[in-house]
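Notes follow the structure.
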Amino acid sequence: MKNRKLTTDSLEQQSLSLPLWHSLRDWSSCKIWAAGLGILTTIVVIIVGTIMGVRANRYPNYQPLPYKLVEIYEGIGFFDRFHYFTEPDPTDGSVLYVDKHTAQALNLTYATETSAILRVDSITPRPVGNRSSVRIESKSKYDAGLFLFDIIHTPYGCGSWPALWLTDGYNWPTNGEIDLLEASNQGSQGNEVSIHTTKGCKMNVKRKQIGQAISNDCNSPNTGCGVRGDLLTYGERLNGDGGGVYALEIREAGIRAWFLRRDLMLNLNMNPPDPSTWGTALADFPNTECDIPSYFKNQSIIVNIDLCGTMATESWSRNECPGLCPDFVAENPSELEEVYWEFATFKVYQAI
Ligand SMILES: *[C@@H]1O[C@H](CO)[C@@H](O)[C@H](O)[C@H]1NC(C)=O
Ligand SMILES: *[C@@H]1O[C@H](CO)[C@@H](O)[C@H](O)[C@H]1NC(C)=O
Ligand SMILES: *[C@@H]1O[C@H](CO)[C@@H](O)[C@H](O)[C@H]1NC(C)=O
């Protein structure tokens, strides 16, 4: 014991007495390089890690805005706030979009004091040409706002491709597209909320949403950067629960969508409504890597029911729908009886 202690002491003394340059000279230059590189690497890792941590945590300030009700779509006059789109379907669906007069004559759009219905022709057997349907576009255009869509019934059934969305169809995709509700065929996979933009809008950033992100590049063709909700967010399940309210907020900080179940809508009677009381959004598109005001402008509210087309055709067999879509929708009008929208009101709020 004692002996060992003495030996250590003398060794320490010896090395302390050597000049610093001498001990450095004893290191091989390789070791010096390795040590330097090690220190440098550590510093770089710390800096990059910090930057990445800060970047990964970037998130906009969604502080509540002072909203004021600016427009309400309701009652007998519901459809007066829309144009009827009558051009050939831009998405190659097996539909004929009819004008207002024809839609009323065929009872495809129908409004009462309490609700508005929009549907496809589910009566005519084997129509000459494509089956009649409706696509309406709001006369008002919006750059931003808080929108509450009170929905009683969502359309579903083999061959259907319904949507409630916003876009500027005359400046597409420059002015962006927001698909608040979109489904196809039986609509039993839940609703998909999506935004479409020109190049440069990315969503691989921090988000606060309960839906499942499908793509993070909003410029990706067809899907945009979609987010899928659970099975209760669309179709027979949603209708069975008496519908619900879809809320959409478009603002500089981002675009968010909520699905609010009818039995949990207590906070909606607040005036103005306060999104911070609705919990986590179904879909969140923050402005972190996407300058929302420059990608989304001049948006009309659009409601339509397409038949077949790219989306219903793509999910046709997965939904166990029989035969070919165009034949099916031509020959089976009674299978299209659930293919209708029913709305209570649309309310639009803007920040003052
Ligand atoms: C029906 O729709 C399809 C797809 O959009 C189109 O190619 C076809 O020309 C239409 N048929 C008629 C008779 O208009
Ligand atoms: C039109 O549709 C509504 C709603 O389904 C229905 O109540 C009404 O009787 C229909 N009108 C006619 C003329 O068929
Ligand atoms: C907004 O859209 C309408 C067509 O819906 C178009 O006529 C108008 O020029 C657009 N305005 C802007 C500023 O892009």
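Start at 1 and go down the list; that is how both ligands and their atoms are numbered.
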_Results of side-chain hydrogen bond (donor to acceptor under 3.5 Å, both in side chains) for Tyr349 - residues two or more places apart only_ = none
*asked:* With side chain to side chain contact (heavy atoms under 4.5 Å, CB included) as the criterion, how do Ser140 and Tyr73 come out once you've worked through the C-alpha distance, each side chain's angles and the decisive distance to 0.1 Å?
replied: CA-CA 11 Å; Ser140 298; Tyr73 298 67; 4.1 Å; yes
*Can Asn239 and Thr154 be counted as having a side-chain donor-acceptor contact under 3.5 angstrom?*
yes
*Enumerated ligand 3 atoms positioned under 4.0 Å from heavy atoms of Asp168*: 1 (C), 2 (O)
_Set of residues that line ligand 2, where lining means a heavy atom lies under 4.0 Å from it_ = Asn107, Tyr110, Ile117, Arg119
*Sub-4.0 Å heavy-atom approach of Asp92 to ligand 1*: yes
*For Asp230, which residues count as a side chain to side chain contact (heavy atoms under 4.5 Å, CB included) partner, sequence neighbours excluded?*
Leu232, Thr233
*Flag Asn130 as yes when one of its N or O atoms lies below 3.5 Å from any N or O atom of ligand 1, and as no otherwise.*
yes
*What is the ring orientation for Phe346 with Phe82, classed by angle as parallel under 30°, tilted 30 to 60°, or perpendicular over 60°?*
perpendicular
*Would you please test Glu289 and Arg55 for salt bridge (Lys or Arg N to Asp or Glu O under 4.0 Å) and show each step?*
CA-CA 10 Å; Glu289 291 286 336; Arg55 281 181 69 88; 3.4 Å; yes
*Consider every N or O of Asn298 and every N or O of ligand 3, then say whether any pair is closer than 3.5 Å.*
yes
Donor-acceptor contacts under 3.5 Å from residues 84-91 side chains, at least two apart:
unit_1: Tyr84; atom_1: OH; unit_2: Thr109; atom_2: OG1; d: 2.9
unit_1: Asp89; atom_1: OD1; unit_2: Thr91; atom_2: N; d: 3.1
unit_1: Asp89; atom_1: OD1; unit_2: Thr91; atom_2: OG1; d: 2.9
unit_1: Asp89; atom_1: OD2; unit_2: Thr91; atom_2: OG1; d: 3.1
unit_1: Asp89; atom_1: OD2; unit_2: Gly93; atom_2: N; d: 2.6
unit_1: Thr91; atom_1: OG1; unit_2: Asp306; atom_2: OD2; d: 2.9

